[in-house]
Amino acid sequence: MFTFTVHPEGEEPFTVVAEWRDVVTWEKTSQGKRCFQDLQERLRAEDLNKLAWIAARRQGLFNGSLAEFDKTVNLDFKFDEEEPDPTQPAR
């Protein structure tokens, strides 16, 4: 869904992929009513950091708090869109 390259301060970068279960966790733990559609339409850096942190913790790649993650990493990210439909539209 989302592929992040995480650049921790003073360490080698690593790649983490946020899957559907990470998005669900993000929705459940975000203040206010945040939903997947918000990630697609009203993308905020704060949301991306939290989503990358959730995925990195789940995968055992980062053990610190969200506050530590926010202060010590930079992110590059890509939203992995679905492949285009290979069928041709009717004429």
Side-chain angles (χ1 to χ4, degrees):
M1 296 199 75
F2 290 87
T3 301
F4 297 97
T5 302
V6 180
H7 301 271
E9 226 171 59
E11 297 179 33
E12 289 296 314
F14 60 89
T15 300
V16 64
V17 177
E19 300 173 348
W20 187 251
R21 58 186 158 178
D22 301 314
V23 173
V24 171
T25 300
W26 170 82
E27 283 183 348
K28 289 180 177 182
T29 60
S30 293
Q31 293 182 355
K33 298 210 174 214
R34 302 289 292 156
C35 65
F36 180 66
Q37 186 175 357
D38 293 329
L39 287 175
Q40 295 176 306
E41 295 176 0
R42 292 184 297 272
L43 196 58
R44 301 180 326 180
E46 178 182 11
D47 295 326
L48 292 172
N49 257 28
K50 186 171 184 179
L51 186 56
W53 173 74
I54 289 167
R57 285 189 48 97
R58 178 181 56 77
Q59 295 172 39
L61 299 170
F62 189 86
N63 295 317
S65 69
L66 176 57
E68 291 171 315
F69 192 84
D70 288 345
K71 291 178 184 176
T72 63
V73 305
N74 284 306
L75 291 180
D76 294 325
F77 81 96
K78 179 176 83 167
F79 179 68
D80 302 323
E81 297 185 42
E82 292 184 27
E83 294 294 319
D85 186 350
T87 61
Q88 297 294 317
R91 293 182 190 217

Check your understanding: With a 4.5 Å limit on heavy-atom distance, are the side chains of Phe69 and Val6 in contact?
Key -> yes
Check your understanding: Is there side-chain contact between Arg58 and Thr25, with heavy atoms separated by less than 4.5 Å?
Key -> no
Revision key, fill the gap. Rounding to 0.5 Å, atoms CG (Asp22) and CG (Leu51) come to a distance of 6.0 Å
Point to revise | Contact summary for Val16 and Ala52, nearest pair of heavy atoms | key: CG1-O, 4.3 Å
Practice item. Inspect the surroundings of CG in Asp70 and state if more than 12 heavy atoms from other residues, nucleotides or ligands are less than 6.0 Å away. Key: yes
Check your understanding: How long is the span from the NE2 atom in His7 to the CG atom in Asp76, to the nearest 0.5 Å?
Key -> 3.5 Å
Practice item. Could you tell me which residues satisfy side chain to side chain donor-acceptor pair (under 3.5 Å) with Thr5, sequence neighbours excluded, listed by chain and number? Key: none
Practice item. Kindly indicate whether the side chain of Leu48, heavy atoms from C-beta on, has any atom under 4.5 Å from the side chain of Phe4. Key: yes
Review point. Between Pro8 and Pro13, what is the shortest heavy-atom contact and its length?
Key: CD-CA, 4.0 Å
Study note, to complete from the structure: Interatomic distance, CD@Gln59 vs CD1@Ile54, rounded to 0.5 Å, equals 12.0 Å
Check your understanding: What are the two closest heavy atoms between Trp53 and Gly64, and how far apart are they?
Key -> NE1-O, 3.0 Å
**Study point:** Summary of salt bridge (charged side-chain N to carboxylate O under 4.0 Å, His left out) pairs that have at least one residue in residues 4-18, sequence neighbours excluded
**Key:** none
Revision key, fill the gap. So CG of Asp47 and CZ of Phe2: to nearest 0.5 Å the spacing works out to 9.5 Å
